[in-house]
Amino acid sequence: MDDPALQALLIPLREGAVAGADALFLNARAPAGAWPCAPPACVHTFRPWSDALHRHGDAAATEPESAPRVALAMLLPPRQREWSRALLAQAVEALVPGGVLLLAAANDEGAKSHEADLARIAQAQPRVLSKHKCRVAWARVEAADADLVAAWTRAGAPRLRDDGLWTQAGVFSADAV
C-alpha cells in the first residue's frame, strides 16, 4: 500500500536522525516492509487498522495502555484538528523528559499546522524535512506546556452535545448530525 506520510515518517529513523528504540506509535499504520528500528508499541483506534498491524506482526492496541513512558513517540496526525491535538497531547504525556516526538503528515492535510502545533506543545523549534509531498517534524520535549496538554486532552475527550447526543473529536460529523 502506498502511504507517503508513513514513508516520510520513517526517514529520520532510517537515517539515524532519531533513535527508534523504546517507541510508541499513535494512529499507527504498518510499513510495507520491516521496521527500520525495533517495532514500536502501536495504537490505532480504528479496528481494521489495528487488525492490519496485527497481521504485520506488530503488537497493536485500539487504546493506549498505561505503560512506562517511552523515549520516542511517533504520530501520523489525522486531518481533524481537535483529534490531532488530542493525539499530540497523548504522545507528549507518554514521553520521558527529553524524549522525542516525531510526526509526519501530507502537505495537503495540514502538515504546516501539525508542525506549528508540535512547536507549541513541545516549547521547542522542531527539526523538519520534506519528502514524498509530506512534512516530517520532530522535537525533543524537555518540558511540555502542561496547560496546553490538558486543554488538548479535554478537547479530544467524549462530551455531551446540547442536543443530548455524545460525540468525540475525530468521529464523523462530531459537531452536528
Side-chain angles (χ1 to χ4, degrees), residues 1-15 17-18 20 23-31 40-46 49-50 53 62-64 70-95 97-159 161 167-176:
M1 179 167 91
D2 186 35
D3 192 338
L6 178 59
Q7 291 173 16
L9 180 81
L10 298 178
I11 291 170
L13 295 167
R14 283 193 179 102
E15 294 179 351
V18 174
L24 173 68
F25 189 6
L26 297 174
N27 210 30
R29 296 193 288 266
C42 297
V43 178
H44 203 299
T45 57
F46 186 53
W49 285 98
S50 181
L53 287 159
T62 54
E63 292 296 324
V70 295
L72 172 65
M74 300 185 299
L75 173 63
L76 291 172
R79 291 180 81 156
Q80 206 276 342
R81 179 165 242 159
E82 283 184 338
W83 184 24
S84 169
R85 286 179 167 175
L87 287 171
L88 263 172
Q90 193 174 49
V92 165
E93 289 180 324
L95 287 173
V100 174
L101 202 161
L102 168 68
L103 64 83
N107 292 335
D108 61 356
E109 292 188 2
K112 281 288 265 189
S113 294
H114 297 308
E115 177 188 335
D117 286 345
L118 172 59
R120 278 182 66 197
I121 201 163
Q123 298 183 342
Q125 188 60 38
R127 293 188 56 195
V128 179
L129 71 88
S130 293
K131 191 76 170 176
H132 305 299
K133 297 184 181 177
C134 297
R135 275 181 101 71
V136 182
W138 65 96
R140 188 163 305 283
V141 182
E142 299 294 341
D145 182 333
D147 292 335
L148 199 54
V149 169
W152 288 0
T153 299
R154 277 192 310 275
R159 64 185 181 278
R161 295 186 340 192
T167 190
Q168 184 173 359
V171 299
F172 177 78
S173 193
D175 297 327

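As the structure is a prediction and not an experimental result, all values here were calculated from the model.
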Rounded at 0.5 Å granularity, tell me how far [atom1] in [X] sits from [atom2] in [Y].
X: L88; Y: D117; atom1: CG; atom2: CG; result: 6.0 Å
X: L148; Y: R85; atom1: CG; atom2: CZ; result: 7.5 Å
X: L9; Y: M74; atom1: CG; atom2: CE; result: 6.0 Å
X: L103; Y: S84; atom1: CG; atom2: OG; result: 7.5 Å
X: S113; Y: R79; atom1: OG; atom2: CZ; result: 11.0 Å
X: L76; Y: H44; atom1: CG; atom2: NE2; result: 8.0 Å

May I ask you to test the [X]-[Y] pair for a side-chain heavy-atom distance under 4.5 Å?
X: K133; Y: P4; value: no
X: N27; Y: P77; value: no
X: L102; Y: L75; value: no
X: R29; Y: L53; value: no
X: W138; Y: L101; value: no
X: D145; Y: R120; value: no
X: T153; Y: E93; value: yes
X: W83; Y: T45; value: yes

**Request:** Would you check, one step at a time, whether the test side-chain contact (heavy atoms from CB on, under 4.5 Å) holds for H114 with R135?
**Result:** CA-CA 9 Å; H114 297 308; R135 275 181 101 71; over 6 Å; no

Looking only at heavy atoms, what is the nearest atom pair of [X] and [Y], with distance?
X: Q168; Y: P158; answer: OE1-CG, 3.8 Å
X: A73; Y: L95; answer: N-CD2, 3.5 Å
X: A139; Y: A124; answer: CB-CB, 4.4 Å
X: L129; Y: P12; answer: CD2-CG, 4.2 Å
X: A106; Y: C134; answer: CA-SG, 3.7 Å
X: A94; Y: L24; answer: CB-CD2, 3.6 Å

Next on the checklist: Under the criterion side-chain contact (heavy atoms from CB on, under 4.5 Å), I'd like the reasoning laid out for Q90 against L26: C-alpha separation, chi angles, the key distance, then a yes or no.
Outcome noted: CA-CA 9 Å; Q90 193 174 49; L26 297 174; 3.7 Å; yes

ask   = R140 side chain to G99 main-chain N or O, any donor-acceptor pair under 3.5 Å?
value =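 Checking the backbone N and O of G99 against the side chain of R140, no donor-acceptor pair under 3.5 Å is found.
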
Note to self: Do the side chains of R159 and E82 get close enough for a salt bridge, i.e. N-O under 4.0 angstrom?
What the structure shows: yes

Practice item. For the pair V128 and V136, evaluate side-chain contact (heavy atoms from CB on, under 4.5 Å) and give the outcome as yes or no after the intermediate values. Key: CA-CA 6 Å; V128 179; V136 182; over 6 Å; no

Test side-chain contact (heavy atoms from CB on, under 4.5 Å) on I11 and H132 and set out the steps. CA-CA 11 Å; I11 291 170; H132 305 299; 4.1 Å; yes

